[in-house]
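Take a look at the structure below.
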There are 2 protein chains.
Amino acid sequence: MSKIQHRNLYREVADRILDLIEQGELASGDRIPERELCERFGVSRTPLREALKVLASEGSVELLPNRGARVRQLTLKMVKDTYDLMGALEGLAGELACQHITDEKIAEIRELHGSLLGHYRSRELADYFRVNRQIHEGILAASHNEALLEMYSNLSQRVKRVRYSKQMTDAFWQQAVEDHQAMIEALEQRDGRRLGQILRDHLSNKLEVASMDDAIDDRQRA
Amino acid sequence: MSKIQHRNLYREVADRILDLIEQGELASGDRIPERELCERFGVSRTPLREALKVLASEGSVELLPNRGARVRQLTLKMVKDTYDLMGALEGLAGELACQHITDEKIAEIRELHGSLLGHYRSRELADYFRVNRQIHEGILAASHNEALLEMYSNLSQRVKRVRYSKQMTDAFWQQAVEDHQAMIEALEQRDGRRLGQILRDHLSNKLEVASMDDAIDDRQRA
DNA sequence: CAAAGTTATTATGAATTCAAAATTCCATCC
DNA sequence: GGATGGAATTTTGAATTCATAATAACTTTG
């Protein structure tokens, strides 16, 4: 299943720039210094600039003609829009998953769900988030729609650098768990229509947006 | 509303390569000859290769390390997957449109719908398709979700080169028109949930896939 | 002292160059 | 005659170079 290592230099460079953005070393709106990064990565400007163009088309970077590259500003609206999109994609993934998923995969997800409930009961937030992600990734993978997976991972890359306030009210959390209960049931009944609806409405996205540190908001406009 | 002309050379070149692909001058799976295109466009290899990398990240082109670029093969499955995705995006657009759209815009779409009915009654297929597209674009635009628009246009770019058999059975056509009738009603009632559902199920996508010339199918594997 | 104009410096856009990999072509061998 | 091996050629990947646009620094002037 693992892809052939397409180790193009420009892709390597692009990933390292994404790391810098994610780590916050390059902050939102920052100018991206070509020369400096070239020295740092030990490459010439050619692959670095190729990387920047690809990152621009992926939405993480902005290119101003004759004025260089910048880390794309994340406004609150952009993040909300992105989460709406991801919700729609998850919804589709749910519908498709019900058509294609094997019983084995359902069993795997059922098991993850059990684990999720455990972490919920013992209030292990980090573990809960990890398993939650695994469940959603499992459903996405079960859609067997390559284009969907690609788009989803691109979108999630875009908002990766957003930091959320880690507090989760108990009411929200309980609702999220109930959603997950309904998901599993819909999945086991292979009720795609219902699973899709649940995933589109699933509040985890909205929750994350709601609890989002509003540091990313519009005040950063230089 | 019109964007500033970011006329980077690489983007210009990329668009021209897309034209060649769309026109069929570069066929599915064809190797893309760097040197030749450079001469043809009168540019050096640098912007051309930048363009190829961007096109690869957009999904129209495939990059094989040390073995050049090729026009990405479209399999039937890829096209189906893409239409599924576009349906999901239109569904989301419908939901969002109901939240954001102005009465003026609704009136415009209502008018287009009237025109659509006219073309249906007089069986003007080309005009029907044109107005159909305008309606869908209107709903997409009314979503006011930039990321959605960008992604949708990227997806539609990917499948642009598919040629459909232009026959449309009367039963299909009638169903499509009925869908449109329901769309308008949901939109005017601002019933996002319903409009979303209609757009996701709207058979125009499935129809197009069904009537797709299967020349794109897997037989092209070299 | 501030504003405007001018020059110097730096950064970007694109062409060119160079090294390495892949492909082609041809000779040789079985 | 087909397969194998090995130069010659072509193509790709990446660094370097060159021209131009943008920015910074510095005068000059009101």
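Convention: sequence-line order gives letters A, B, ...; per-chain numbering from 1. Remember, it's a predicted structure, so these values are computed and weren't measured experimentally.
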Quiz prompt | side-chain contact (heavy atoms from CB on, under 4.5 Å) partners of A:R45, counting only residues at least two apart | solution = A:E34, A:C38, A:R49
Quiz item: With the sugar-phosphate defined as primed atoms, P, OP1 and OP2, and the base as all remaining atoms, what B/S/- string results for nucleotides 8-18 of chain C, 5' to 3', for protein heavy atoms under 4.0 Å?
Solution: ---SBBBBBB-
Quiz item: What residues, two or more places apart in sequence or in another chain, satisfy side-chain contact (heavy atoms from CB on, under 4.5 Å) together with B:S153?
Solution: none
Self-check item: Any residue meeting side-chain contact (heavy atoms from CB on, under 4.5 Å) with B:E104, in chain and number order, not counting sequence neighbours
Solution: B:T102
Exercise. Kindly write out the residues that satisfy salt bridge (Lys or Arg N to Asp or Glu O under 4.0 Å) with B:R110, not counting sequence neighbours, or none if the list is empty.
Key: B:E188
Quiz prompt | Qualifying residues under ring-ring contact (aromatic ring centres under 6.0 Å, His included), relative to A:H180, sequence neighbours excluded | solution = A:H136, A:H202
